[in-house]
Structure formats: structure tokens, C-alpha cells
Protein chains: 2
Amino acid sequence: MLLSWLEDPNADDLVAFLNDELRQPGRWLQVAGEMEVEYHGRAASMADAGDYLLILKPDASLQIHAARGIKPLNWQPQVDDVHVMQDGGRAVLHAERRSPAEWVRVAFLDAAYAVAMEPRDHGTRVLQGSEADMQRALAANPDVIEEGLEVVDVELPVEVGGIDLMGRDRDGRWVVVELKRGRATHEAVHQLERYVRHVRTLVDGAVRGILAAPAVTEPARNQLHGLDLEYVEVDALPAPPAEVEQTGLFEPAGLTQDVES
Amino acid sequence: MLLSWLEDPNADDLVAFLNDELRQPGRWLQVAGEMEVEYHGRAASMADAGDYLLILKPDASLQIHAARGIKPLNWQPQVDDVHVMQDGGRAVLHAERRSPAEWVRVAFLDAAYAVAMEPRDHGTRVLQGSEADMQRALAANPDVIEEGLEVVDVELPVEVGGIDLMGRDRDGRWVVVELKRGRATHEAVHQLERYVRHVRTLVDGAVRGILAAPAVTEPARNQLHGLDLEYVEVDALPAPPAEVEQTGLFEPAGLTQDVES
DNA sequence: ACATGAATATTGGAT
DNA sequence: ATCCAATTTTCATGT
């Protein structure tokens, strides 16, 4: 991964560097240091001077991270125009998005470093344990939900939304199944209730509603019972996550380190 | 912002560097280069070798970014333990979280650089235009929703959830108001319908339901009408976002640059 | 620790 | 372009 970089640049050098690099396609930039950040658009925010990390990716997404949290302090999923200029002796970056109309302005008070990378094509990524995976697995093997259950439809669109699994139990009753990959809340119960109520207007005979999830919140479980709906415990992942000790691969040869919290 | 850094380190140097820096509290680390990333926990994922950016913040949050998108490829909001070690000639970082049990493993195939920063205390940040702001503004000035509306309660907890605004109109009828800071969808309509239905079981007389948002999706609007509920357009931000041209502050002295997409 | 609901949610898919 | 639903959602705020 080619890269060029600047340490502790002054405003002139930083402006020149950024303008230079932004002219090249495919660049991935990072600038760290003391900044002020302002945003106007879907909301509006203003951050006083602080030490932040600005990331500008080759896909023209921008994010500014503070020293804590997963989520950026400010961001823009798609930057349509970016300008870098000098303003009052400071390097200033202005990123604009057309739709929705919004902009982020970063004033660099004291840049610690700036890096421009040129990443090669990234590798592929596979993810297991999504709700779609669950749906596929359960559609192929409905017995996990209930002995004798037959799946008739998957992601069946009805007026009030999409029914995850539609089936018939061993007694021929219709069964509406709502899936959640995580702990199901009362929202999931409301969804299921809506679907069941809707299906009851469409078909004759009994209609059962089953919430299938690895866990339910206590209030949700109570609501379920009150509405005469059912809960079945279903895991999102086929196998439980392997522990470090179980794999045996990652025994620390280096230092064992507890992270500060 | 103090920092130390390494360019194009070999496995030994990277392991030593990371172990060294992780021992210090308050460090903010970034490592860029070719990596393999594996995750097991709430889900499971595996990313082939690719150019990524790993960020380990002083609050013990970890994220690994690919060259596109706002969201990281992998992350961990709270790392309880990290180990850095050598494995088959590669530097390997293993980050573990206890609850929920999950881990991320990063194998560095070709690190381009590693930086350790020590950020000072960050500045303060103010955000305008949240739903809470909307709620406050409308509670203080309900005429924006409707002439003569009187707000009786804010965030009123009822069995089926929390009612954003509860009021009475000029004719003394109860009014349930559901707020959305963005475009309201059919989910908001369902929420409002639930609240209105519930309130009707609690009080005598007519109960109106109003969805207050800057916009509604077309299906949601149709559902509203079908349920005899109402929509009022309300902006989340007091003033529209200022354009670059309007401020006059950010005229590019530097290069005007269109970002590649 | 658990539950709840907002978020500049982002992201991918369907229409 | 719009709408919809999942997300390892994260995050703040209650209880």
C-alpha cells in the first residue's frame, strides 16, 4: 500500500498536501490533530477544539473520530465536493453533500500528521449469523421451530409488512413466524401481532403466531402471553463462538495486556 | 498531541511497538496495511487479506475500517483484553470482550504504518435538531402544530410505550402527537395508531392522533388517512442549513476539488 | 444489568 | 429515486 505522509505540518503544507492528494483518484487520507468541526444538514453540530482523527476514504465518505466510541463525531457518507483552503492561518477542509444538502467544515488548529494511502482492492468478507441466514436455515429445517411445521412462504409480503416465515403446523393451522437474530423486544411482539391480526382477516381457521429468537425481553414475553402468541428459542449462529482458550491458536506469546477503561 | 510512529514495520517491531504502547494508558493507536480480520461473537465474520485501518481508542473501543463506508468492517465497542503476539511470522492482535462474549483477531500481513497518539481532553460538542430538541420546541410552542393546541404531557409513559406529546385541542379533544425528526414511515404510523387506540381505552370522548414530522413517506401518508389520523409538517431544525455560498466564509482559496465516486 | 428508543443512523435490496 | 427492514447496530437514559 503506497503512502505519503506529513508530520506536524503547518497550514500551508497541509493545504498543499491535501489538495495534491485529493486530485489523485483512489486516495485514502487520514489527518490527526487538533481541530474544530462544524456540521450543518440533517442536524447541526459544533465541536470545540479537540484532538480528532479525520478519515477520507476513496469512496468519498468522510468521518471524524473523537478519542472515544465506535461512532464518529461527525461524518458524511458521501462527499460530493471537497475544498481545502487557508483561512486565517489555518488549513480548513470543507466537504459538501448535495442530497441531502449538508456540509462538514474542519479547521485544523494543530495537525499532528497527515497520511495518504492508496489501498489495493480489498479482500472478500463473509458474515454468518444474519437474520437472512436464520431465515434460510429455518426454512430448510422448520423442525427446529416445531415438530411437523411446514414452511409455505418466506418473506411473504402483506399489506402491513413482510412476514418472515409463513407455515402450517401439523394440525393444518396457519403459523406466522417472526424472526429476530438478537433479543426480541416488544417491538417484535407488535410486529408479530400485526401480522397475525392481518392474516386472520385473510384466512379461515386458527392462526398461530410464533416469535423465534435467541432470547426475549421480559416485558416482551409477558405481552406475548397476553396476546396468546408463542415464543420459540432459536439461535442465530449454528455454533457458539469459539473461546480463545478453545482454539488454542492465540495464546499470547507477547505481553498479556489489559486495556484501560 | 504527542505521538510515536513506525513506518513499514516488520512483525517483530510491530508487536513490540503495540505491546509497548498498549501498556501506556490513554493511547490512541492506528495501524494501516494489509490484514486478515476474523470475528466471532454476536455474529461471525472473516475477511480475506485486504488493506484496512485498525483504530484502537483510549476508551478501549476498537474498529477496523475498509476503504469504503462509514461503518467499520469489524469493531468492538469495548475491548476487555488485548493481546499482541507473533504467529507464524506475522504480528497478530487479539481483542476480547467479555459480555457479550466476542473476539476480533487481526493478522497483519504487511503493515504500512503504525501510530500511537496521546490525545488531550477533547472539546465540547453541541448538537441541534434532535428529536428531544423538537419535543422541547413544540412543547414550548404548540401553535406550530395547531392553533390553540395545549400540551398537557411530554413523553407520557403508557403501557404500549411513551407518548411524545399529549395535549388537548381548542375543542377540548385529546390529541396524541408522535414526533419524528426525519421522514416518517409506516412504523411511525403504527406507533401512533397504538397510542391512540390505547388512549381511547383510557378516556372518554374523541381522541385525535397527529404525526408531526418534516416529511412522510407516501405509503405512510395513505395509511394515516385510512386510519383517520393526521399529519402536520414540522421542521427539525429552526433554520435551514446554510449554504457555502451563503456564508461567504469558505470560498476556496485552494483548489476546487470534486471527489471521485 | 436490562429495557427502551433515537440516530445526521448506515447499508443493502426491492420496487 | 423511494421505500423498507436489518444491523455484531451504537448510544444515552432510564429503572
Side-chain angles (χ1 to χ4, degrees), chain A residues 39-45 59 61-64 68-78 97 99-104 127-135 155 157 160-164 178-188 191 214-222 236-237 241, chain B residues 39-45 59 61-64 68-78 97 99-104 125 127-135 155 157 160-162 164 178-188 191 214-222 236-237 241:
Chain A
Y39 161 74
H40 282 264
R42 289 170 285 177
S45 78
D59 70 340
S61 64
L62 174 152
Q63 44 195 309
I64 297 140
R68 60 177 297 267
I70 296 294
K71 294 180 69 178
L73 179 77
N74 286 98
W75 69 92
Q76 210 156 118
Q78 174 75 41
R97 187 185 187 185
S99 177
E102 51 187 355
W103 54 261
V104 175
L127 182 107
Q128 289 173 50
S130 66
E131 195 180 295
D133 285 341
M134 251 178 110
Q135 200 176 78
E155 206 65 56
V160 291
I163 294 177
D164 289 335
E178 172 66 25
L179 293 181
K180 286 295 161 203
R181 74 167 306 288
R183 178 168 286 224
T185 71
H186 64 103
E187 274 305 312
Q191 249 179 76
V216 219
T217 67
E218 199 52 38
R221 189 193 286 271
N222 295 336
L237 279 172
Chain B
Y39 162 74
H40 282 266
R42 287 170 284 177
S45 79
D59 69 340
S61 64
L62 175 151
Q63 44 194 311
I64 297 140
R68 60 178 296 268
I70 296 293
K71 293 179 72 176
L73 178 79
N74 285 99
W75 68 93
Q76 209 155 118
Q78 174 75 42
R97 187 185 186 186
S99 176
E102 52 186 354
W103 53 262
V104 175
R125 174 168 165 261
L127 183 109
Q128 288 174 50
S130 66
E131 194 180 295
D133 284 341
M134 249 178 111
Q135 200 175 80
E155 207 63 58
V160 291
D164 288 335
E178 172 66 25
L179 293 182
K180 287 295 162 205
R181 72 167 308 288
R183 178 169 287 223
T185 70
H186 64 103
E187 272 305 313
Q191 249 180 76
V216 219
T217 66
E218 199 51 38
R221 189 192 288 269
N222 294 337
L237 279 172

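Predicted model only: the values in this text are computed from it and were never measured. Chain naming here is simple, since letters A, B, ... match the order of the sequence lines and numbering starts at 1 in each.
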Sugar-phosphate only, base, or nothing, as touched by E218(A) at under 4.0 Å among non-hydrogen atoms: sugar-phosphate
Between dC4(D) (P) and E187(A) (CD): distance, integer Å: 16 Å
d(CD, Q63(A); C1', dT11(C)) in whole Å: 14 Å
Side chain of E102(B) - closest among dA7(C), dT8(D), dC4(D): dT8(D)
Nearest-neighbour nucleotide for the T185(B) side chain, dC4(D), dT10(C), dT8(D) considered: dC4(D)
Candidate nucleotides dA6(D), dC2(C), dT8(C), ranked by approach to the side chain of D164(A) - the nearest: dA6(D)
K180(A) NZ - dA3(C) C1' separation (whole Å): 16 Å
Position toward the 5' end of DNA chain C (nearest nucleotide), G161(B) or R97(A): G161(B)
Which residue lies more 5' along DNA chain D, comparing S130(A) with P219(B) via nearest heavy atoms: P219(B)
d(CG, L73(B); P, dT9(D)) in whole Å: 16 Å
Check: R97(B) side chain, V104(B) main-chain N or O, donor-acceptor pair, under 3.5 Å: no
Sugar-phosphate, base or nothing in reach of L179(A), heavy atoms under 4.0 Å: nothing
Taking only N/O atoms, report every protein-nucleotides 11-15 of chain D pair under 3.5 Å with atom names and distance.
from	atom 1	to	atom 2	distance (Å)
dC11(D)	OP1	I70(A)	N	2.6
dC11(D)	OP1	K71(A)	N	3.0

Sugar-phosphate only, base, or nothing, as touched by G129(B) at under 4.0 Å among non-hydrogen atoms: nothing
R181(A) CZ - dT11(C) P separation (whole Å): 18 Å
Residue closer to the 5' end of DNA chain D, N74(B) versus G162(A) (nearest nucleotide): G162(A)
Separation between the C1' atoms of dT8(C) and dG14(D), rounded to whole Å: 24 Å
Pairwise distance NZ(K180(A)) to CE(M134(A)) - rounded to 0.5 angstrom: 10.0 Å
Touch class at under 4.0 angstrom, heavy-atom based, for G182(B) against every strand present: nothing
Shortest side-chain distance from R42(B), nucleotide among dC3(D), dT9(D), dT8(C): dT9(D)
Side chain of E131(B) - closest among dA6(C), dC4(D), dT10(D): dA6(C)
Sugar-phosphate only, base, or nothing, as touched by R221(B) at under 4.0 Å among non-hydrogen atoms: nothing
Sugar-phosphate, base or nothing in reach of P100(A), heavy atoms under 4.0 Å: nothing
Listed nucleotide nearest any side-chain atom of L127(B), set dA6(D), dA3(C), dT8(C): dT8(C)
